[in-house]
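First up is the structure itself, then whatever we jot down about it.
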2 protein chains.
Amino acid sequence: MTATAKERGRPRKFDRDHTLRQAMEVFLDRGYDGASLGDLTTAMGINASSLYAAFGCKEALFREAVDLYVNAAGPRTLDALAVRDVSARAAVEAMLREAARRFGNGRGCLVVLGATHRTADNEAVFHDLTERRGQTQVLIRQRLKQGMAAGDVPTGTDIGAVAAFYTTVLHGLSLQARDGAPRKQLSAVVDCAMKAWDGLVPA
Amino acid sequence: MTATAKERGRPRKFDRDHTLRQAMEVFLDRGYDGASLGDLTTAMGINASSLYAAFGCKEALFREAVDLYVNAAGPRTLDALAVRDVSARAAVEAMLREAARRFGNGRGCLVVLGATHRTADNEAVFHDLTERRGQTQVLIRQRLKQGMAAGDVPTGTDIGAVAAFYTTVLHGLSLQARDGAPRKQLSAVVDCAMKAWDGLVPA
DNA sequence: CCTTTTATGTAGTGATCGATACATAATTAG
DNA sequence: CTAATTATGTATCGATCACTACATAAAAGG
């Protein structure tokens with residue numbers, strides 16, 4: 001019934017997923033505005049016509065690259081927050097450790113560094129990334145709240161401040177990675193951030 | 001003797017310091033690559049010829065803008081680290097509080113956000129800013145070391161890790177500010193970072 | 001006065017940007 | 001086979017980029 005019907009027309013000569021991944025690498029290195037179509041087509045091994053036929057436009061390509069980055073590059077950073085059968089502390093620590101692992105390649109996070117300035121060209125992209133970062137902070141706060149309900153975070157904890165603090169550390173890790181900090185140093189920063197937990201969330 | 005000799009030639013019609021400050025604002029909003037000469041000349045109220053005559057080129061203008069930003073925009077953030085007659089903890093806290101005060105305008109730090117990606121156009125500028133950020137971390141580490149010599153930081157403290165941690169928070173504050181965090185929230189993040197001190201640097 | 005010096009305003013430079021028009025190639029449907 | 005459909009490669013498009021050539025204006029030195 002639902003057999004994949006033979007595609008009409010001339011078949012594509014390149015692997016769409018593979019070229020998308022290469023585009024993601026370029027966006028990671030150069031950011032949305034800094035990645036020119038020449039950079040992209042060179043890295044992807046196709047020419048502009050094929051890129052536009054397959055992905056629509058630069059902005060659409062970037063959106064797909066962000067989705068790929070968020071969803072497919074290993075264990076998703078924010079998934080650690082969704083784990084309910086551990087303490088909020090363990091969930092936050094897992095999130096930071098996963099980030100340190102992923103960022104320790106000199107590039108940091110695409111959501112954090114993909115567009116750090118609003119320009120005439122990147123308005124929609126900038127807004128999308130900003131919203132994703134805000135959502136990250138919301139997720140951390142919600143996880144702390146859930147921990148409070150579960151009893152591993154004491155009542156009276158300033159959840160908003162603690163969420164803002166760990167978001168700041170998470171985002172700061174991208175800058176440290178971009179500045180060349182080795183994975184070991186990022187890991188040491190996470191150690192410090194977690195040592196801070198008991199001062200912020202008294203047991 | 002050293003009386004300022006009358007300047008030769010047609011006098012400049014604009015105030016150099018004033019236009020430099022306006023250029024700095026543009027670079028803060030858009031970054032080095034994102035600030036076009038059109039953006040700059042419009043904000044500065046002069047045309048390209050005058051800009052090039054007075055400042056040389058876009059890169060030289062940016063360098064002057066960074067110097068102005070670092071040296072003249074209120075109490076300098078890193079000056080707080082130079083104070084020797086307080087504890088290392090008080091010095092680091094003063095640095096972070098000054099940063100939270102300065103960043104709480106929706107723009108963050110020019111050194112941190114001025115060029116977040118290396119491109120063909122910004123190579124030298126990117127390198128300079130990266131070095132400045134690295135120097136910040138070195139200054140923090142040196143201040144901790146001095147605190148250890150003075151006795152307010154216990155021997156055995158992992159100074160490198162603590163310096164990396166507070167650098168991460170400092171840089172993360174710029175991203176939080178860019179994402180619209182109000183000054184009060186930045187201040188709360190600093191509160192959290194300083195509550196962490198005793199866990200990192202046991203008294 | 002005239003010469004020198006510096007700044008200004010106009011009107012560009014070549015390069016690169018993201019995006020496309022168009023002819024051609026390669027496939028399926030009938 | 002022909003028609004329809006989709007992809008490819010070339011050769012651009014107009015806009016914008018950082019930057020500058022050039023004529024003119026405004027000052028000082030002589």
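- Mapped onto DNA chain C by nearest heavy atom, A:Y32 and A:S49 fall at different nucleotides, with A:Y32 at the one closer to the 5' end.
- At D:dA7, none of the side-chain N or O atoms of A:S50 fall inside 4.0 Å of OP1 or OP2 (strictly under the cut-off).
- Checking A:H117 against B:R178 by side-chain atom types alone, a donor-acceptor pair falls below 3.5 Å.
- As rounded to whole Å, 15 Å separates atom C1' of C:dA7 from atom CE of B:M44.
- Rounding to whole angstrom units, CZ of residue A:R16 and C1' of D:dT8 are separated by 17 Å.
- Taking atom OH of residue B:Y52 and atom P of nucleotide C:dT6, one finds them 21 Å apart after rounding to whole Å.
- Within 4.0 Å of B:A35, counting heavy atoms only, lie sugar-phosphate atoms of the nucleic acid but no base atom.
- A residue-by-residue look at B:E59 and B:R10 shows that B:E59 has its nearest nucleotide of DNA chain D further toward the 5' end.
- With rounding to the nearest 0.5 Å, the separation of CG in B:L144 from CG in B:L81 is 8.5 Å.
- Look at CG on A:L40: it is 14 Å from C1' on C:dT16, rounded to the nearest Å.
- A distance of 5.5 Å separates NZ in A:K58 from OH in A:Y32, rounded to the nearest 0.5 Å.
- Minimum atom distance to the side chain of B:K13 is reached by C:dT8, of the listed C:dT8, C:dA26, D:dA4.
- Residue B:S36 is in sugar-phosphate contact alone, with no base atom involved, counting any heavy-atom pair closer than 4.0 Å across all strands shown.
- The base of D:dA27 lies outside donor-acceptor range of the side chain of B:R8, with no N or O pair under 3.5 Å.
- Nearest nucleotide to the B:L37 side chain, out of C:dA19, D:dA18, D:dT8: D:dA18.
- Place A:L51 and B:D39 on DNA chain D by their nearest nucleotides, and A:L51 ends up nearer the 5' end.
- Considering only side-chain atoms of A:A48, the nucleotide from C:dA21, C:dA19, C:dG9 that sits closest is C:dA19.
- Nearest to the side chain of B:N47, among C:dT20, C:dA25, C:dT8, sits C:dT8.
- In this structure, A:I46 places its CD1 atom 14 Å from P of C:dA19, rounding to the nearest Å.
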Test A:R84 against A:R143 for side-chain contact (heavy atoms from CB on, under 4.5 Å), laying out the working first.
-> CA-CA 9 Å; A:R84 299 303 217 203; A:R143 188 61 184 80; 3.5 Å; yes

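- Listed pair B:R12 / C:dA7 meets the phosphate criterion, a side-chain N or O lying under 4.0 Å from OP1 or OP2.
- Put simply, CG on A:D33 is 14 Å from C1' on D:dT16, counting in whole angstrom units.
- What separates CZ of B:F14 from C1' of D:dA25 is a distance of 15 Å, to the nearest Å.
- Look at CG on B:D121: it is 11 Å from C1' on C:dA15, rounded to the nearest Å.
- Nearest heavy atom pair, residue A:A115 against residue A:V125, reads CB-CG1, 4.3 Å.
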